[in-house]
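A short write-up of the structure that comes next.
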Protein chains: 2
Amino acid sequence: MDLSERQLQILQAIITDYVENAEPVGSRSIAKKYDLGVSPATIRNEMSDLEEMGYLTHPHTSAGRVPSDKAYRLYVNDLMKKKNLSAKDKRMINERLVASRDEFDRTIRHAAELLSEITHLASFAMTPATNEETISFIRLLPVDERTLILMIVGDSGNVTNTTLRLNVPYTQESLELLSKNMTVSYKGRTLDDVLKNEIAEDVGSDIEALAQLKGNVMPSFIRTLEDMLNVNLYMEGMTNIFNLPEYTSIDRARDFMELFARKDWFTQKMLAREDGVVVTIGEENDKMKDCTLITATYHVDGKLVGKIGVIGPTRMKYDEITSIMEYLTNNLSESFRLPGDTGDGNAGKDE
Amino acid sequence: MDLSERQLQILQAIITDYVENAEPVGSRSIAKKYDLGVSPATIRNEMSDLEEMGYLTHPHTSAGRVPSDKAYRLYVNDLMKKKNLSAKDKRMINERLVASRDEFDRTIRHAAELLSEITHLASFAMTPATNEETISFIRLLPVDERTLILMIVGDSGNVTNTTLRLNVPYTQESLELLSKNMTVSYKGRTLDDVLKNEIAEDVGSDIEALAQLKGNVMPSFIRTLEDMLNVNLYMEGMTNIFNLPEYTSIDRARDFMELFARKDWFTQKMLAREDGVVVTIGEENDKMKDCTLITATYHVDGKLVGKIGVIGPTRMKYDEITSIMEYLTNNLSESFRLPGDTGDGNAGKDE
DNA sequence: TGTTAGCACTCGCCTATCGAGAGTGCTAAT
DNA sequence: ATTAGCACTCTCGATAGGCGAGTGCTAACA
């Protein structure tokens with residue numbers, strides 16, 4: 001069942017050609033462009049075999065062949081070689097990324113913008129992996145007699161806050177007390193843990209004013225925790241996909257847009273994924289059957305945390321894009337390392 | 001130069017028909033559907049006059065007439081009658097909006113979602129008018145020895161925060177000192193004021209540690225203030241426009257998307273606008289020449305603050321949409337009024 | 001004088017048709 | 001096992017004809 005050397009060569013040629021031109025590729029053009037030393041007829045026979053094995057498809061009788069998800073999978077796993085970044089891409093990453101190294105969220109957003117600019121695909125980026133994050137402290141800050149700010153801070157510096165308006169005024173003391181009270185209760189616990197176990201929590205407290213305030217704050221607290229799992233997902237460059245031939249049909253474009261707008265789906269997708277660069281092709285995604293999702297992780301202080309990714313049609317330059325993402329995330333991780341660990345700020349390890 | 005009664009009737013009929021069907025409307029169909037007591041030939045003559053005056057255009061010789069921006073403007077100013085909301089829309093607004101009255105940002109986002117659902121257009125909403133907002137206080141909160149959170153709170157409860165990572169550790173005391181120091185300096189000043197006058201501010205301070213910390217924090221402070229002018233703009237339902245006949249062309253759709261993604265443009269647009277429901281038609285918008293923007297203001301505690309709006313092709317149901325927006329913003333303002341002012345939470349004034 | 005009926009004319013759009021081009025799959029020769 | 005040759009298929013673009021909707025003009029009419 002293994003493929004012969006020649007079959008691999010042909011398959012590789014077809015993928016390269018199709019990725020480049022977005023058009024079904026025929027035996028003749030393969031024979032011409034890539035000299036494999038065989039005639040079109042031979043290639044046709046091999047192609048026929050490859051199709052039978054599920055690596056190629058015919059869009060219609062008598063159009064060329066198109067690689068299947070299976071073919072891309074084989075390519076990504078076995079055939080693909082790492083690509084050196086172009087000098088331009090490297091320069092862009094080095095220059096644009098360092099500029100705002102001191103601010104976390106901004107840096108991540110910039111990284112996503114950068115990625116979509118370089119790859120000409122839609123990109124997204126997630127700040128520190130929130131499902132593993134633990135609560136560091138909770139603050140309640142006064143605005144006016146009925147308005148207050150609820151602020152939840154995670155151990156990696158992740159923050160979410162909501163402004164709350166109560167029906168009755170609160171007192172300064174009860175506010176401070178509740179802040180401390182909640183911090184003690186939740187400090188060190190993960191968001192997931194709190195969300196699963198706290199929903200129907202007792203609001204019990206000896207002091208009445210405090211109990212009342214807590215009763216008012218808790219529903220928002222829960223909702224804000226839920227937000228914390230979603231809110232730090234940046235999505236950029238979605239209009240890039242309009243330039244791709246697979247999305248010239250308005251229906252395709254609409255479908256893509258609608259899915260891309262579903263932040264929760266991406267968050268879900270990201271949480272389940274392992275370290276490093278991960279490629280999910282076509283059918284391997286439950287929805288988005290004709291899209292490929294490539295994600296990569298970056299680290300903060302060496303700890304595994306955030307993800308960044310691109311999404312586009314299965315027809316994409318896997319070699320280039322994975323290389324770019326590796327370089328970019330290395331660079332990011334380097335930027336987020338404690339200063340002093342390494343002398344220079346330009347991470348690029350695969351130089 | 002004034003239009004005759006009959007011309008107004010005909011113009012109104014053309015607008016109604018075109019808004020409904022999105023197709024150039026001919027004299028015959030007007031005569032048939034709206035009985036004005038005149039023949040198609042008469043209508044043709046009037047149409048010809050209306051075209052000469054700039055209220056109608058021909059897409060091509062021998063297709064029906066299409067209303068111009070000028071016609072819509074006339075319609076909105078003089079012809080249009082308030083529409084009663086459908087029971088369904090009213091119910092939706094009442095039910096969905098009350099649900100989360102206690103949380104500001106969430107409510108506004110929901111309002112935008114709701115608006116786009118009801119109108120089938122793209123919508124956006126802005127939390128309290130940030131250019132008038134003054135700084136209430138500034139907090140610096142510790143995360144770990146090198147990481148801290150910078151938090152800016154406005155007088156209407158608007159909050160922005162950034163996580164900062166410094167190159168050198170800071171001390172607890174200097175952090176608290178700087179918090180107070182900055183709060184004293186900026187409390188009560190508007191964002192604009194600070195941004196314009198503070199850029200090259202001295203970092204002077206007698207205590208060295210404080211001066212150093214301040215030097216590290218100030219650049220982020222400025223950037224975060226800038227963020228505060230943009231960040232609270234929610235945009236929803238952009239995929240709705242794919243269902244409109246004016247956006248079946250991929251190029252049109254792309255143009256729309258690209259503009260819709262430009263948050264700063266919307267923010268700009270919103271800041272300049274007056275109270276109440278405002279309609280800006282076609283050419284009246286510098287960009288988006290074939291779009292209409294409708295915005296409305298809502299109030300918090302009776303003070304003028306936030307805006308909410310829809311955007312779509314100039315062909316839209318002005319009467320319905322303005323009525324919906326009036327109802328919705330009244331409802332919002334009512335929800336954000338101090339409790340006790342009025343007994344019931346359902347605002348709807350134009351019942 | 002304003003209104004209307006009639007009619008020729010103009011376009012845009014849909015459909016059918018045709019030919020070119022690209023590619024396959026099979027067969028027979030090497 | 002490989003290749004050349006050939007018939008066949010299918011898509012795509014261009015072209016032409018016909019239909020329908022609508023205008024603009026003229027002449028008749030109240």
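Each chain gets a letter, A, B and so on, in the order its sequence line appears, and its residues count up from 1. Since we're looking at a predicted model, the values are computed, not measured.
Atom CD in B:Glu46 sits about 11 Å away from atom P in C:dT4, given to the nearest Å. To the nearest angstrom, C1' of C:dT3 lies 15 Å from CD of B:Gln7. For the pair B:Met47 CE and D:dG24 C1', the interatomic distance rounds to 13 Å; values are reported in whole Å. Atom CZ of A:Arg6 is separated from atom C1' of D:dT3 by 12 Å (rounded to the nearest Å). Atom CD1 in A:Ile43 sits about 10 Å away from atom P in C:dT24, given to the nearest Å. Here C:dT24 presents its P atom at 13 Å from CG of A:Leu50, a figure rounded to the nearest Å. The CG atom of A:Asp49 sits 14 Å away from the P atom of C:dT24 (whole-angstrom rounding). The distance from atom CG of B:Leu56 to atom C1' of D:dG22 is 14 Å, rounded to the nearest whole Å.
For B:Ala22, the side chain to side chain contact (heavy atoms under 4.5 Å, CB included) criterion is met by B:Pro245, B:Arg315, not counting sequence neighbours. Applying the ring-ring contact (aromatic ring centres under 6.0 Å, His included) test to B:Tyr18 and every residue at least two apart in sequence or in another chain returns nothing. With sequence neighbours excluded, no residue forms a salt bridge (charged side-chain N to carboxylate O under 4.0 Å, His left out) with B:Glu23. Residues that satisfy the side chain to side chain contact (heavy atoms under 4.5 Å, CB included) test with A:Lys287, not counting sequence neighbours, are A:Leu259, A:Trp265. Applying the ring-ring contact (aromatic ring centres under 6.0 Å, His included) rule to B:Phe256 yields the partners B:Tyr247, B:Phe260; only residues at least two apart in sequence or on another chain are considered. With sequence neighbours left out, the salt bridge (charged side-chain N to carboxylate O under 4.0 Å, His left out) criterion links A:Glu117 to A:Arg96.
Closest of all the heavy-atom pairs between B:Lys70 and B:Gly54 is CB-O, 3.7 Å. Of all heavy-atom pairs spanning A:Lys317 and A:Val19, the tightest one is CG-CG1, 3.7 Å.
Looking at residues 21-40 of chain A, you'll see A:Gly26, A:Ser27 sit with a heavy atom under 4.0 Å from some atom of DNA chain C. Contacts with DNA chain C (heavy atom under 4.0 Å) in residues 243-251 of chain A: none are found.
The list of side-chain hydrogen bond (donor to acceptor under 3.5 Å, both in side chains) pairs with a residue in residues 35-45 of chain A, not counting sequence neighbours, reads A:Ser27-A:Arg44, A:Ser39-A:Thr42. Pairs engaging residues 62-84 of chain A under the ring-ring contact (aromatic ring centres under 6.0 Å, His included) rule: A:Tyr72-A:Tyr318 [sequence neighbours left out].
Taking a cutoff of 4.0 Å between a charged side-chain nitrogen and a carboxylate oxygen, A:Asp251 and A:Arg254 qualify as a salt bridge. Salt bridge annotation for B:Glu51-B:Arg65: present, with a cationic side-chain nitrogen under 4.0 angstrom from a carboxylate oxygen. A salt bridge is absent between B:Lys289 and B:Asp69: the closest approach of a Lys/Arg side-chain nitrogen to an acidic carboxylate oxygen does not fall below 4.0 angstrom.
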Detail all sub-3.5 Å separations between protein N/O atoms and N/O atoms belonging to nucleotides 25-28 of chain D.
none

Next item on the list: Starting from the C-alpha separation in whole Å, work towards a yes-or-no answer on side chain to side chain donor-acceptor pair (under 3.5 Å) for A:Asp17 and A:Tyr34.
Entry: CA-CA 10 Å; A:Asp17 203 80; A:Tyr34 312 82; 3.3 Å; yes

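Regarding contacts with the backbone of D:dG22, every side-chain N or O of B:Arg65 stays at 4.0 angstrom or more from both OP1 and OP2.
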Margin query: Walk along nucleotides 11-20 of chain D from 5' to 3' and tag each nucleotide B, S or - by protein heavy-atom contact under 4.0 Å, base first, then sugar-phosphate.
Written below: S---------

